[in-house]
K.L.:
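Take a look at the following structure, please.
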Amino acid sequence: MCKEICILASMLIFLNIVWFCTSIDTITLTRPIKDGDVLVSNGETFVLGFFSTKNSSNRYVGIWYNKVSEQTVVWVANRDRPITNSSGILSVDETGNLVLHEQDQGFMFWSTNVSGVQVNNVSTAQLLDSGNLVLFQGQNKDVYSWQSFDYPSNTALPGMKIGIDRKRGLNRVFTSWKSIVNPGVGDYSHKMELVGSPQLFLYQGVTKIWRTGSWTGQGWSGIPEMSANYLFNVSYINNDDEAVLVYFLRDTSIFSRMVITESRTIDRQSWHEVDRKWVDFWSAPKDQCDGYNHCGPFGLCDLYNTLGAFECACFPGYEAQSQQDWFLRDGSRGCKLKVGTKLCESGDGFVELKRVKVPDTSTARVNMSLGLEACKELCLRNCTCLGYASADISQGVIGGGCITWHGDMIDTRTFSDGGQSLFVRVDAAQLGALFLIILSLIAVKLY
Ligand SMILES: *[C@@H]1O[C@H](CO)[C@@H](O)[C@H](O)[C@H]1NC(C)=O
Ligand SMILES: *[C@@H]1O[C@H](CO)[C@@H](O)[C@H](O)[C@H]1NC(C)=O
Ligand SMILES: *[C@@H]1O[C@H](CO)[C@@H](O)[C@H](O)[C@H]1NC(C)=O
Ligand SMILES: *[C@@H]1O[C@H](CO)[C@@H](O)[C@H](O)[C@H]1NC(C)=O
Ligand SMILES: *[C@@H]1O[C@H](CO)[C@@H](O)[C@H](O)[C@H]1NC(C)=O
Ligand SMILES: *[C@@H]1O[C@H](CO)[C@@H](O)[C@H](O)[C@H]1NC(C)=O
Ligand SMILES: *[C@@H]1O[C@H](CO)[C@@H](O)[C@H](O)[C@H]1NC(C)=O
């Protein structure tokens, strides 16, 4: 595109061709951008500039796709402080910060607000082809003081780290827009929590509404379809520096993104050029059982049990807190140990629940150096342990790593396919009863 225009331009006017054709991707102290100007990333994938949403004259600074015909904004600077006219200027100031203000150093709408940066003349903000806006300190492109990928809006792009930088104490929180025409910070947020084992949550305000589950070595415990994802290669890193997930597109000519929507979902979409629209290929939460804590503590959400039956059941050895609630199909109060259960006296054992999303690890302990057998022993020896699971199912039956639960086990569900095994502690009497059921089933088969 640029070439054709360029040739045309050079035929019409002989001057200013270079200015016309070289897309600028940086902002410096002496080269700010004003409303109407844009930065175009080096490979022409992303654009940064001022935009308005439908039916609004408010101006925002944002980043959007250059080659996607439907304007799709992936990041917004002044989300809750729109500029009401076209007097906005985005510049690098003397403190090395990127600032958005009105002409003549008027009101400041947004700033990278990085402190403790060496004051210098050579800070540059560059829009990279990944969609990341990076503020470099000086000429050295290894040192940056700020990047938009660390302060996401509602969109995760390939190559962006999702999760926590432990060293800097930085959690990259994604937040929905207020509405499709208002990019202000909305109700829904998506972020990682580190308690137990790292898990990603979708929140509505401060209420958890969905959970990915813990990382199983192959994918999230609560997203069985993830391992079959052909579009990406996914890296999960959990070490002293960080706990993050990074997606890379295998085919970089595709545009694909994850969005926290205003309608309570996390969507993964790809751009279909033929139809000129974004198409969802994955979305969560999907069904009742995805709703966080739908069946309460020690409850198991199972849509595949009996058609038309109540989806909530209790763990083996547990019964409903309230039969009445259960009868009314409200499982939220969950389950309690069956009357007369004597855990941790003698002869305890475990019942295996297959193909499940393991419970919230907020009440769990994780030891990555124990196998599944050692995990069972560890749990048996400790009376507060109510169940265990492998922390890394890619190691097969031996299991790599051990999760033990020491409190309420909540938000457990089954899958028709995928998931992993959870081992629930039961007492000797319960084990005996289960044994009798199995014997009678065999007896029925025999006679
Ligand atoms: C914009 O305004 C038009 C006319 O008032 C209306 O039909 C349309 O729904 C509005 N669009 C949005 C996104 O609000
Ligand atoms: C833009 O609006 C601000 C107040 O919101 C005002 O101070 C400024 O003069 C306006 N600029 C222009 C160019 O209209
Ligand atoms: C900049 O950060 C400081 C603390 O780091 C905070 O107190 C201040 O309000 C911030 N300023 C702006 C304009 O966001
Ligand atoms: C900025 O650059 C000028 C000349 O290029 C130099 O004299 C001055 O010391 C620099 N200021 C800082 C704070 O580095
Ligand atoms: C995933 O893709 C990125 C970028 O193409 C590459 O650097 C990385 O090595 C790949 N990782 C795996 C596990 O294939
Ligand atoms: C994990 O288990 C090993 C073997 O029992 C033990 O040496 C180690 O201290 C445990 N680590 C943690 C973090 O509990
Ligand atoms: C049992 O596990 C809990 C949680 O990890 C721990 O605080 C407690 O010390 C353990 N008890 C014993 C006897 O090991």
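Computed from heavy atoms alone, side chains included, the values below leave out hydrogens, waters and symmetry copies. Values in this document were obtained by computation on a predicted structure and should not be read as measured data. Both ligands and their constituent atoms are indexed starting at 1 by order of listing.
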K.L.:
Report, in ascending order of atom number, the atoms of ligand 6 lying under 4.0 Å from any heavy atom of Ser369.
P.N.:
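Numbered from 1, ligand 6 contributes 1 (C), 2 (O), 3 (C).
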
K.L.:
Can any side-chain N or O of Asp348 pair as donor or acceptor with the backbone N or O of Cys344 at less than 3.5 Å?
P.N.:
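Indeed, once roles are kept as given, a pair shorter than 3.5 Å links the two residues.
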
K.L.:
Quick one: look up the protein heavy atom nearest atom 13 (C) of ligand 2 and list residue, atom name and how far away it is.
P.N.:
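For this ligand atom, the closest protein heavy atom is Ser87 CB, 4.0 Å.
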
K.L.:
Which of the atoms of ligand 2 are close to Thr84, meaning less than 4.0 Å from one of its heavy atoms?
P.N.:
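Within the 4.0 Å cut-off of Thr84, ligand 2 contributes 5 (O).
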
K.L.:
Could you see which bit of Leu370 sits under 4.0 Å from ligand 6, with heavy atoms only: side chain, backbone, both or neither?
P.N.:
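Looking at Leu370 and ligand 6, just side chain atoms fall under 4.0 Å.
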
K.L.:
Are the aromatic ring centres of Tyr65 and Trp278 under 6.0 angstrom apart?
P.N.:
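Yes - the distance between ring centres of Tyr65 and Trp278 falls below the 6.0 Å cut-off.
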
K.L.:
Taking CG in Asn239 as the centre, count heavy atoms belonging to other residues, nucleotides or ligands within less than 6.0 Å. Is the count above 12?
P.N.:
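Atom CG in Asn239 is crowded, with more than 12 foreign heavy atoms closer than 6.0 Å.
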
K.L.:
Show which atoms of ligand 7 fall inside a sub-4.0 Å distance from at least one heavy-atom site of Thr384.
P.N.:
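Numbered from 1, ligand 7 contributes 1 (C), 2 (O), 3 (C).
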
K.L.:
With heavy-atom distances below 4.5 Å as the criterion, would you say the side chains of Arg268 and Tyr247 are in contact?
P.N.:
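The answer is yes, as the side chains (C-beta and beyond) meet within the 4.5 Å cut-off.
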
K.L.:
Which residue and non-hydrogen atom of the protein lie closest to atom 7 (O) of ligand 7, and at what distance in Å?
P.N.:
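It is Arg365 NH2, 4.1 Å.
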
K.L.:
Pairs of nitrogen or oxygen atoms closer than 3.5 Å, one from Gln103 and one from ligand 2: do any exist?
P.N.:
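Not met; the criterion fails.
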
K.L.:
In this structure, is the centre-to-centre distance between the rings of Trp210 and Trp220 below 6.0 Å?
P.N.:
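Between Trp210 and Trp220, which both carry aromatic rings, the centre distance is not below 6.0 Å.
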
K.L.:
Identify the residue among Asp302, Asp287, Asp360 that makes a salt bridge (Lys or Arg N to Asp or Glu O under 4.0 Å) with Arg413.
P.N.:
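Of all the options given, the one that passes is Asp287.
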
K.L.:
Is the ring centre of Phe174 less than 6.0 Å from the ring centre of Tyr188?
P.N.:
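No - the distance between ring centres of Phe174 and Tyr188 does not fall below the 6.0 Å cut-off.
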
K.L.:
Give a yes or no on whether Lys67 atom NZ has more than 12 heavy-atom contacts from other residues, nucleotides or ligands under 6.0 Å away.
P.N.:
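More than 12 heavy atoms, drawn from other residues, nucleotides or ligands, come within 6.0 Å of this atom.
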
K.L.:
Is the contact between Glu102 and ligand 2 made by the side chain, the backbone, both, or neither, using heavy atoms and a 4.0 Å cut-off?
P.N.:
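Looking at Glu102 and ligand 2, just side chain atoms fall under 4.0 Å.
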
K.L.:
Using protein heavy atoms only, decide if any is under 4.0 Å from atom 9 (O) of ligand 2.
P.N.:
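Under the 4.0 Å cut-off, atom 9 (O) of ligand 2 has no protein heavy-atom neighbours at all.
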
K.L.:
Is at least one protein non-hydrogen atom found at under 4.0 angstrom from atom 1 (C) of ligand 7?
P.N.:
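It does; a protein heavy atom is within 4.0 Å.
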
K.L.:
Starting from atom 11 (N) of ligand 6, which protein heavy atom do you reach first, and at what distance in Å?
P.N.:
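I find the closest protein heavy atom is Asn367 ND2, 2.9 Å.
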
K.L.:
Closer than 4.0 Å to some heavy atom of Asn382 - which atoms of ligand 7 meet that?
P.N.:
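So the answer, numbered in order with elements, is 1 (C), 2 (O), 3 (C), 8 (C), 10 (C), 11 (N), 12 (C), 14 (O).
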
K.L.:
Quick one: nearest non-hydrogen protein atom to atom 14 (O) of ligand 2, plus distance?
P.N.:
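That would be Asn85 ND2, 3.2 Å.
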
K.L.:
Are the ring centres of Phe298 and Tyr318 closer than 6.0 Å?
P.N.:
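Under 6.0 Å, so yes.
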
